[in-house]
Amino acid sequence: MNLGKKYRTTPEAYMLLQNGLVAFAEIENHGVRVDKAYLDGAIEQVTTRIGVLEEKIRSDPLYERWRRLFGAKTNVGSPEQLSKLVFGELGYQPKLVTAKTGRAAATEAAFEGIDLPFVKMYFKTQKLRKGLGTYLKGVRRELVRHADGDWYVHPSYMLNSVTTFRSSCSNPNFTNVPTRNKMLAEMVRRCYLPRRGRQLVEIDYSQIEVRISYCYHKDPTLGAYLRDPNSDMHADMAAKLFMLPRSRVSKEARHAAKNKFVFPQYYGDFYPRCAESVWNAIEFQGITTTDGSSIKDHLASKGIKAKGKCDPSERPLAGTFEQHVKDIEDWFWNERFHVHGKWKKDWYASYLETGGFQTLSGFGFNLPLSRNDVINYGIQGDSFQCLLKALTILIPELRRRRMRSVVVGEIHDCVILDCPPDETDDVIELACRVMTEDVPRAFPWVVTNLEVEPEICPVDACWFEKYKGRRTDSGWGIVT
DNA sequence: TGAACGAGCCC
DNA sequence: GTACGCGCTCGTTCA
């Protein structure tokens with residue numbers, strides 16, 4: 001043990017925070033334009049829809065049992081009451097428990113496979129409540145009117161509240177605007193507009209955390225995936241996980257392998273939980289191969305018929321899916337990506353020895369952390385430092401060129417700009433150059449290629465109408 | 001009235 | 001042996 005060692009933060013790392021704050025001040029000052037007429041209408045409309053759904057819930061036969069349980073305190077928006085009704089009163093088996101109190105959880109995942117119209121209506125309503133409360137009303141509360149007569153919000157960006165030295169954002173939080181659920185995404189993103197006659201442009205780093213993890217461990221197999229645009233790590237993993245030839249891996253199967261095995265494994269999860277969640281996906285979402293046959297049936301034909309107990313405190317039973325996922329996990333870390341696997345062990349061992357570490361971008365950590373934190377902090381923080389560095393180059397450069405385009409937001413690995421159409425091509429070229437060339441030049445520790453994906457909204461269109469950008473002979477166009 | 005908790009949205 | 005990383009905001013519950 002050598003716990004006397006202190007890992008320092010370099011002057012360069014510190015200066016980037018300071019310059020980053022100056023960039024943030026400018027982003028905050030610009031603000032994002034909001035469609036106030038739409039917002040007011042949406043609040044009214046969604047409020048009505050929630051009322052209608054609540055009325056439907058009250059007319060369901062099961063509502064009477066709910067009311068008998070809670071009497072005057074009955075609240076059709078209470079997760080705890082729903083949980084007590086379904087798992088207590090109706091006797092369904094709870095699948096998940098809450099962290100602190102150990103009660104039956106009331107998350108949507110906890111009700112997966114429970115086929116009651118009542119429950120479906122509840123979660124539909126909750127989704128609308130989320131959109132109304134956190135997002136629509138959250139935006140309206142922050143509205144201010146500019147001299148141009150239009151309405152704006154000015155999200156606050158901070159660099160002092162995240163342990164990994166990522167940024168955070170509040171009032172309103174611009175970094176968690178719905179995107180995955182189409183209904184919510186449209187409801188909320190329609191609020192956000194470019195300035196009149198302009199268009200919103202969003203430029204993302206692709207796979208930045210995977211690329212930055214490579215800068216730490218330099219695993220040659222991962223390096224090959226990153227350099228080869230035709231390779232597809234997640235589809236390859238799906239093939240392995242579902243014992244399929246690569247040609248029979250469907251989009252859904254790839255998605256399940258990526259989000260329920262590869263990413264969780266990257267962040268430090270292990271096989272019992274991965275097996276459970278992958279199995280739930282193939283069972284309840286009915287995931288199929290490219291020819292439409294059930295993956296569950298396919299696994300059965302290969303001799304894997306049962307999920308297994310997936311209890312972390314017990315050894316998996318031979319022949320179960322859990323044992324299969326354990327085998328895949330061993331292969332993943334000890335063969336396929338063995339250099340990355342060894343790095344994780346060595347990096348954590350060094351932390352145990354010295355009590356800290358310094359990230360590639362130069363931040364010193366000297367504090368008690370869990371194994372997963374030790375492995376993840378540097379990768380998460382350094383990925384964001386790439387974006388922050390890009391902002392500190394891009395924003396002064398836009399001003400130096402006397403351009404009217406402005407940066408109006410940032411979301412960990414992407415930048416959002418508000419551009420007059422006659423500047424859009426130049427801004428995209430500039431931002432791409434800064435992000436993929438200037439940043440690696442400024443950060444010698446970035447030892448793999450960085451890539452970006454521009455997305456473009458039509459002129460005067462809201463943030464929901466965002467399309468992949470494509471470089472053509474006449475400049476950047478929209479792929480619809 | 002405020003804190004704790006659970007839930008749900010993002011990367 | 002491992003036990004999913006980092007945030008913000010909201011509504012409910014309860015002291």
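In what follows, every heavy atom counts, from backbone to side chain, and hydrogens, waters and symmetry copies are set aside. The chains referred to below are lettered A, B, ... by the order of the sequence lines, with proteins before strands, and numbering in each begins at 1.
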What nucleotide among [options] has an atom nearest to a side-chain atom of [X]?
| X | options | value |
| --- | --- | --- |
| D413(A) | dG7(C), dC11(B), dA3(C) | dC11(B) |
| E329(A) | dG5(C), dT2(C), dA3(C) | dT2(C) |
| A99(A) | dA3(C), dT13(C), dG6(B) | dG6(B) |
| R166(A) | dT12(C), dC4(C), dC11(B) | dC11(B) |
| I411(A) | dC11(B), dG7(C), dC9(B) | dC11(B) |
| Y267(A) | dG5(C), dT9(C), dC11(B) | dG5(C) |
| T98(A) | dT2(C), dG6(B), dC6(C) | dG6(B) |
| K130(A) | dC5(B), dG5(C), dG8(B) | dG8(B) |
| R371(A) | dC11(B), dC9(B), dA3(C) | dA3(C) |
| N171(A) | dG7(C), dC11(B), dT9(C) | dT9(C) |

Phosphate OP1/OP2 of [N]: any [X] side-chain N/O under 4.0 Å:
| X | N | value |
| --- | --- | --- |
| T101(A) | dC5(B) | no |
| T134(A) | dA7(B) | no |
| R273(A) | dC4(C) | yes |
| K127(A) | dC9(B) | yes |
| T175(A) | dC9(B) | no |
| R141(A) | dC10(C) | yes |
| Y271(A) | dT2(C) | no |

Please classify the nucleic acid contact of [X] as base, sugar-phosphate, or nothing, using heavy-atom distances under 4.0 Å.
| X | value |
| --- | --- |
| P312(A) | base |
| Y205(A) | nothing |
| S161(A) | sugar-phosphate |
| Q265(A) | nothing |
| S370(A) | nothing |
| C414(A) | nothing |
| L184(A) | sugar-phosphate |
| Q380(A) | base |

Exercise for the section: Indicate yes or no: at least one non-hydrogen side-chain atom of I203(A) is less than 4.5 angstrom from one of L417(A). Expected result: yes
Practice task
Please examine the side chains of E142(A) and H154(A), heavy atoms only from C-beta on, and report whether any two atoms are closer than 4.5 Å.
Solution key: no
Starting at atom [atom1] of [X], determine the distance to atom [atom2] of [N], rounded to an integer number of angstrom.
| X | N | atom1 | atom2 | result |
| --- | --- | --- | --- | --- |
| L136(A) | dT9(C) | CG | C1' | 14 Å |
| E322(A) | dA3(C) | CD | P | 16 Å |
| E209(A) | dC10(B) | CD | P | 16 Å |
| L82(A) | dA7(B) | CG | P | 10 Å |
| I328(A) | dT2(C) | CD1 | P | 22 Å |
| E202(A) | dC11(B) | CD | P | 9 Å |
| N75(A) | dA7(B) | CG | P | 15 Å |
| Q126(A) | dC9(B) | CD | C1' | 13 Å |

Fill in the blank from the handout: The residue among L391(A), V407(A), I395(A), T392(A) that forms side-chain contact (heavy atoms from CB on, under 4.5 Å) with F24(A) is L391(A)
Problem - side chain to side chain donor-acceptor pair (under 3.5 Å) between Q81(A) and Y122(A), worked out - result: CA-CA 11 Å; Q81(A) 290 188 10; Y122(A) 168 86; over 6 Å; no
Completion exercise
Taken to the nearest 0.5 Å, the spacing of E44(A) CD from L132(A) CG works out to 11.5 Å
Completion exercise
Value for CE (M435(A)) from CD1 (I393(A)), rounded to nearest 0.5 Å, stands at 11.0 Å
Practice task
Answer yes or no: side-chain N or O of N176(A) and base N or O of dC9(B) forming a donor-acceptor pair under 3.5 Å.
Solution key: yes
Exercise for the section: State whether the distance check finds a donor on one side and an acceptor on the other, under 3.5 Å, for side chain R180(A) versus base dC10(B). Expected result: no
Exercise for the section: Before giving the answer on side chain to side chain donor-acceptor pair (under 3.5 Å), spell out for T354(A) and Y7(A) the whole-Å C-alpha distance, their side-chain angles and the decisive distance to 0.1 Å. Expected result: CA-CA 9 Å; T354(A) 62; Y7(A) 289 87; 2.9 Å; yes
Handout entry: For dG5(C), the Watson-Crick or wobble partner whose two distances fall under 3.5 Å
Key = dC11(B)
Exercise for the section: Answer yes or no for R189(A) and W463(A): cation-pi contact, defined as NZ/CZ to six-membered ring centre under 6.0 Å and angle to ring axis within 45°. Expected result: yes
